[in-house]
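By convention here, the first residue in the shown sequence is residue 1. Remember, predicted model here, so these are calculated numbers, not experimental data.
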Amino acid sequence: METFQETFKAGISLEKNYCYDVADEKKCICKDCGKSFKNRSGLQRHLLVHTNEKPFTCDVCGKAFRQRTNLKSHFVTHTEEKPYVCEACSKEFTNGYALKLHLRTHAEEKLYVCEVCGKAFTHKCTLRIHLFTHTNEKPYSCQICGKPFRQTSHLQQHLTTHTKEKTHECNTCGKTFSQRSGLFHHHSVHKKEKPYACEVCNKAFAQPRNLKYHLFTHSEEKPYSCEMCSKAFKNNYYLKIHLRIHTKERLFACDVCGKTFALHSALKSHSVTHTNEKPFACNLCSKRFALNCRLKSHLLIHSGKKSYVCKICGKAFILGSTLRQHLVFHSEEKRYPCEVCSKAFKDRNSLNIHVRIHTNEKPYVCDVCSKAFSIRRNLRQHLRVHTEEKPYACDFCSKTFAHSSNLKSHLTTHSEEKPHVCEVCGKAFSKKCKLKMHYFTHTNEKPYACELCKKAFTVKKYLKRHLLTHAKEKLNSS
């Protein structure tokens, strides 16, 4: 590794251009900016700012630095050595500066105050970044796609989406990450340590930020609001994801089919559709899954525990995602309009499914008969035609059904309850679909018409039965 002296012999003549005697007092002054230094070595280090030279290079990753001390601090990141320990909480750090900043969190010193909103910060750099929220300034732009960022760290994270380079490897399992922070969080998987516990429900977390996000579940506080639609969120991460709805930003593209996604997790879930690989098996029913998170959700079905309760109607659900979908139906807001027919929907998933009516897209294909479906749920239900599986059994007569909706309808035959009443004549029905068909007797409406002979019917199954007569006629004529 080159020394400072070797660098300056090859490049800048320090004696000739930069060193002065001022009033019989020896001072080294920089001619470019006028800054003075007590000794030559201080000036030598400073000059590298103007020349942009970085003579100290890391032998491991090739990253270059202006000062030897910076290289020394950087090298610790490869060894994972953390010699600087906080006496208050025993947290370890790779360098003294990071420890110094951390100590302020214990002292709760917030010396730097925003003049606009009065918010105080522990670090000056945090205040500087915060000020961009008032000016909406994003000074750091990606040279590849032009996307601007408020922080250099965010820009560096974004650049990994273009290179897809994963240089940080886990020594335990070999998994690689594009960012060091990703590797750091991954280590907790092997340690299985969860030192951060919630004081309300005792749930433990490996990372303090996860505990911070979790605490919002116990309160109604939603401090992060969208400036475009005023929707509020419990943490900043969800707000960032939500903003992609307005910007229509989709950073993550599938290498196989080119389909783009707003979330990396959505891309990961999509990728398994190309491999058909399902490494995660349920020990209770042998059902297999492509993702471990789906297996975990599936196991809750076997437990039968419904921990997620709707505060509006009291209905309970096994999965939190199902409760979130349910809550949409209590809201009258329809924020997702179709660009083709302007029909609006309460959630984006419903809009995406609706759009397939216009595009006639049917991405879910049956491997047995090649029949295609626009919704994955319909394909799953269709597969039971081939397997003859009927997992839903009636507790009263042991009759089995392929679909839960059929079982639900069947249960009304055991009950004399008829909750669906006709507003015209007062006749009551056990099923809503029967009431709907009954209304046609008052309106004389026949919505199901045959395209061949234009004959119309009040019930869809009557139309299907009628179509068989045309099929027989065609068969006889041939």
Side-chain angles (χ1 to χ4, degrees), residues 329 334 336-347 349-392 394 397 399-478:
F329 293 100
K334 294 183 177 181
Y336 302 92
C338 173
E339 294 178 356
V340 181
C341 66
S342 299
K343 188 175 180 180
F345 297 86
K346 291 180 178 179
D347 62 277
N349 186 50
S350 299
L351 171 61
N352 291 339
I353 292 169
H354 164 79
V355 166
R356 291 171 189 161
I357 296 171
H358 302 297
T359 61
N360 200 31
E361 183 188 0
K362 293 182 178 180
Y364 306 103
V365 182
C366 174
D367 294 332
V368 181
C369 65
S370 300
K371 191 173 181 179
F373 299 88
S374 57
I375 307 172
R376 189 194 297 274
R377 182 180 66 252
N378 292 348
L379 171 60
R380 283 200 299 265
Q381 292 175 353
H382 163 78
L383 287 171
R384 292 172 187 156
V385 174
H386 301 295
T387 61
E388 296 183 356
E389 181 188 2
K390 293 182 179 181
Y392 302 98
C394 175
C397 63
K399 194 172 181 180
T400 56
F401 300 88
H403 311 305
S404 59
S405 57
N406 294 346
L407 171 60
K408 190 176 179 181
S409 298
H410 166 77
L411 286 171
T412 59
T413 62
H414 295 290
S415 168
E416 294 182 1
E417 187 181 355
K418 294 182 178 181
H420 307 286
V421 181
C422 175
E423 294 176 355
V424 180
C425 66
K427 193 173 181 180
F429 298 88
S430 59
K431 299 178 183 178
K432 192 176 182 179
C433 60
K434 287 186 177 180
L435 172 61
K436 187 178 178 182
M437 288 188 289
H438 167 76
Y439 272 127
F440 293 142
T441 63
H442 297 295
T443 61
N444 290 323
E445 185 183 354
K446 294 181 178 180
Y448 304 101
C450 175
E451 293 181 356
L452 299 172
C453 66
K454 306 304 178 185
K455 192 173 181 179
F457 301 88
T458 55
V459 185
K460 193 173 184 180
K461 69 176 181 179
Y462 294 159
L463 171 60
K464 287 182 177 179
R465 189 186 300 167
H466 165 77
L467 289 171
L468 292 174
T469 61
H470 290 298
K472 287 178 181 179
E473 287 173 3
K474 189 176 181 181
L475 187 65
N476 293 333
S477 61
S478 61

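- In this structure the side chain of Asn360 reaches within 4.5 angstrom of the side chain of Lys362, judged on heavy atoms.
- The SG atom of Cys338 sits 8.5 Å away from the CD1 atom of Ile357 when rounded to the nearest 0.5 Å.
- The two atoms that bring Pro391 and Ala402 nearest to each other are CD-O, 3.9 Å, heavy atoms only.
- Residues Ser374 and Tyr364 share a closest heavy-atom pair of O-CE1, 3.5 Å.
- Under the 4.5 Å side-chain criterion, counting only non-hydrogen atoms from C-beta, His382 is in contact with Lys371.
- Atom CE of Met437 is separated from atom OG1 of Thr441 by 11.0 Å, given to the nearest 0.5 angstrom.
- With rounding to the nearest 0.5 Å, the separation of CZ in Arg377 from CZ in Arg380 is 8.0 Å.
- Partners of Glu388 by salt bridge (charged side-chain N to carboxylate O under 4.0 Å, His left out), not counting sequence neighbours: none found.
- Side-chain contact check for Leu435 versus Cys422: some heavy-atom pair is nearer than 4.5 Å.
- A 4.5 Å side-chain heavy-atom check between His420 and Lys434 finds every atom pair outside the cut-off.
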Listing, residues 443-460 side-chain donor-acceptor contacts under 3.5 Å, not counting sequence neighbours, or none:
{"unit_1": "Thr443", "atom_1": "OG1", "unit_2": "Tyr439", "atom_2": "O", "d": "3.4"}
{"unit_1": "Thr443", "atom_1": "OG1", "unit_2": "Glu445", "atom_2": "N", "d": "3.3"}

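- From Leu383, atom CG reaches atom CD of Gln381 across 10.0 Å, with rounding to the nearest 0.5 Å.
- Residues Val355 and Asn352 have side chains not in contact (no heavy-atom distance under 4.5 Å, counting atoms from C-beta outward).
- The main-chain N or O of Glu389 is never found under 3.5 Å from a side-chain atom of Arg384 such that the two would form a donor-acceptor pair.
- Ring centers of His403 and Tyr392: at least 6.0 Å apart, outside the cut-off.
- If you take NZ on Lys399 and SG on Cys394, they are separated by 9.0 Å, rounding to the nearest 0.5 Å.
- Residues Pro363 and Arg376 fail the side-chain proximity criterion, which asks for heavy atoms closer than 4.5 Å.
- In this structure, His442 and Phe440 have side chains that are not in contact, with every pair of non-hydrogen atoms separated by 4.5 Å or more.
- Smallest separation of non-hydrogen atoms from Asn378 and Phe373: CB-CD2, 3.8 Å.
- Residues passing the side chain to side chain contact (heavy atoms under 4.5 Å, CB included) test with Val368 are Cys366, His386, sequence neighbours excluded.
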